[in-house]
Amino acid sequence: MPHTKHMREFDSSSMVSSPWLAGLALAWGSLVLFSVIVNLAPLQVMARVFFPTSMSLVLTFWLAPAIPGLVIDQAALHGILGRICEMAVPLLSIRPLPEDE
């Protein structure tokens with residue numbers, strides 16, 4: 001099977017891994033930052049660490065890998081649809097009628 005331009009765009013090593021890892025790092029990093037801020041604010045009143053709960057950790061480690069993948073998938077889909085529309089516009093363009101003189 002020939003290796004065409006469109007097949008190279010969907011190569012998992014170049015398209016998915018880098019943005020996916022960046023999205024995953026952003027999701028987990030924001031959870032850590034949010035946990036520190038949420039626990040430091042009421043520290044004198046609560047006197048204990050109360051966030052993250054076990055349910056929030058389960059959701060974070062379960063959903064965080066899926067969300068960047070979904071975003072990358074949608075971006076690829078819109079990129080393909082955009083190229084199809086760009087190719088179709090010249091074929092479907094309506095040209096104005098010449099004006100009567």
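Note on V38: it clusters hydrophobically with M46, by side-chain heavy-atom contacts below 4.5 Å among ILVMFWY residues. By the rule that hydrophobic residues join a cluster once side-chain heavy atoms approach within less than 4.5 Å of another member, F61 and L21 end up as members of one cluster. Residues F50 and L57 fall within the same hydrophobic cluster, defined by Ile, Leu, Val, Met, Phe, Trp and Tyr side chains chained together at heavy-atom separations under 4.5 Å. Cluster membership check: V49 does not share its hydrophobic cluster with F34, using side-chain heavy-atom separations under 4.5 Å among Ile, Leu, Val, Met, Phe, Trp and Tyr. When hydrophobic clusters are built by joining Ile, Leu, Val, Met, Phe, Trp and Tyr residues whose side-chain heavy atoms come closer than 4.5 Å, directly or via intermediates, L33 is not grouped with L26.
The nearest pair of heavy atoms linking T60 to S56 is OG1-O, 2.7 Å.
Here the side chains of L31 and F51 are in contact, with some heavy-atom distance below 4.5 Å.
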